[in-house]
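The figures that follow rest on heavy atoms only: side chains count, while hydrogens, waters and symmetry mates do not. In the text below, chain A, chain B and the rest are named by the order of the sequence lines, each starting its count at 1. Source: prediction; values computed, not measured.
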Amino acid sequence: MPEGHTLHRLARHLTAAFAGRSVSVTSPQGRFSESAAQLDGDVLVGAEAWGKQLFVELAGDRFIHIHLGLIGKLDLHTYVDQVPPPVGQVRLRLVGESVYADLRGASACDLWTASQRDAVVAAAGPDPLREDGDPGRAWDRIRRSRLPIGALLMDQSVLAGVGNVYRAELLFRAGMHPLRPGNTLRSGQWQALWDDLVPLMTEGVRTGRIDTVRPEHTPEAMGRAPRVDDHGGEVYVYRRHGQPCLVCGRRVSIEALRARNSYWCSRCQPVFRSRAVG
DNA sequence: CTCACATGTTAAG
DNA sequence: TTAACCTGTGAGC
């Protein structure tokens, strides 16, 4: 679940459910107990995301810093009378008047000061989901790097919030091979990637899914049988290795890029040849 | 039942 | 480069 859109969606829901009221903060599992005790009953100011980092602000410039990692989940539920007992390992539980939230499996849940938060935000790349996201900051890194664009897009210090699904899908939509070196891109190509990412991820925040297939390429439009991706969204290449490309029919390729599987279509995303003549 | 793997990151070797 | 961490799910026996 957790690429940047998931965290922004959570920030929005947390703010709507808890902001401006006092919240009960506990750690049924125990690993956040000490911090929870310091926050319990205080006013929750709001929640905000930067890339994959989530910050829940409590009165007094205190921030619960959450990173879901690969498998973490933060689930919001409504309750009527009593809050049900925790199921499984609940690292953090927030309880408001009619809503509670349970955090499980996160790779980070810590109590931070404002300056700790600021330091992490300063080290992160621009976030396409934020109003203040500045693509020029990412471009400064990309244009100087010989690393593949597929690696740069997932480097959170270059660009914040993009994960393995958006990487694969963005590059497919751009017709760009994941191994193309960053310093071979033209500025307009980077701008086009950013301009595609903003509405794509914004839609992800709205729906809670990653859908990247253009209307003209849906199975229906292409006269093929409808299909369902097991990860909730309609995508071109992510985890579709060995299956036919939705556009050209060639088998989708897979290769590990920096310990993460990278997926692409070798016909729609041809290998880049630098300034090849002829 | 066990095992591999997952939309992520960090630290050890 | 590899292992570790945290949890859930689906495939296979």
Using a heavy-atom cut-off of under 4.0 Å over every strand shown, decide if A:Gly105 touches base, sugar-phosphate, or nothing.
base
Specify the separation, in whole Å, of atom CD of A:Gln156 and atom C1' of B:dG8.
8 Å
Ring pair (Phe, Tyr, Trp, His ring centres under 6.0 Å) partners of A:His77, counting only residues at least two apart
A:Tyr100
By side chain to side chain contact (heavy atoms under 4.5 Å, CB included), which residues pair with A:Arg260, not counting sequence neighbours?
A:Leu70, A:Met154, A:Asn164, A:Arg167
Please determine whether a side-chain nitrogen or oxygen atom of A:Lys73 lies at a distance below 4.0 Å from atom OP1 or OP2 of C:dG8.
no
Contact under 4.0 Å: A:Arg260 side-chain N or O vs B:dG8 OP1/OP2
yes
Distance, C1' atom - from B:dT7 to C:dT1, rounded to whole angstrom:
23 Å
Rounded to whole Å, please give me the gap between CD1 in A:Ile71 and P in C:dC5.
12 Å
Whole angstrom is fine here: how far is it from CG in A:Leu74 over to C1' in C:dG8?
16 Å
When rounded to whole Å, the CG to P distance for the pair A:Leu170 and B:dT7 reads 17 Å
Heavy atoms only, 4.0 Å cut-off, all strands: where does A:Asn261 land among base, sugar-phosphate and nothing?
sugar-phosphate
Take the protein atom CZ of A:Arg240 and the nucleotide atom C1' of B:dT7, then report the distance between them rounded to whole Å.
17 Å
Can you check the A:Gln89 CD to C:dT7 P distance for me, whole Å?
5 Å
Would you say A:Tyr238 reaches B:dT7's phosphate, i.e. side-chain N/O to OP1/OP2 under 4.0 Å?
yes
Just to be sure I understand the rule, does A:Arg31 reach a base, reach only the sugar-phosphate, or reach nothing, if contact means heavy atoms closer than 4.0 Å?
sugar-phosphate
Once you round it to whole Å, what is the distance between P of C:dT1 and CG of A:Leu257?
11 Å
Is A:His67 close enough to B:dG8 that one of its side-chain N or O atoms is under 4.0 Å from OP1 or OP2 there?
no
Would you call the rings of A:His65 and A:Trp112 parallel, tilted or perpendicular, where under 30° means parallel and over 60° means perpendicular?
parallel
Quote, to the nearest angstrom, the P distance that separates B:dT10 from C:dG8.
23 Å
Go through B:dG8, C:dG8, C:dT7 for me and flag the one nearest to the A:Asn164 side chain.
B:dG8
Spacing of A:Arg104 atom CZ relative to B:dG8 atom P, expressed in whole Å
21 Å
Indicate whether any N or O donor in one side chain lies under 3.5 Å from an N or O acceptor in the other, for A:Ser266 and A:Arg250.
yes
Would you please classify the geometry between the A:Tyr166 ring and the A:His5 ring as parallel, tilted or perpendicular, with 30° and 60° separating the classes?
perpendicular
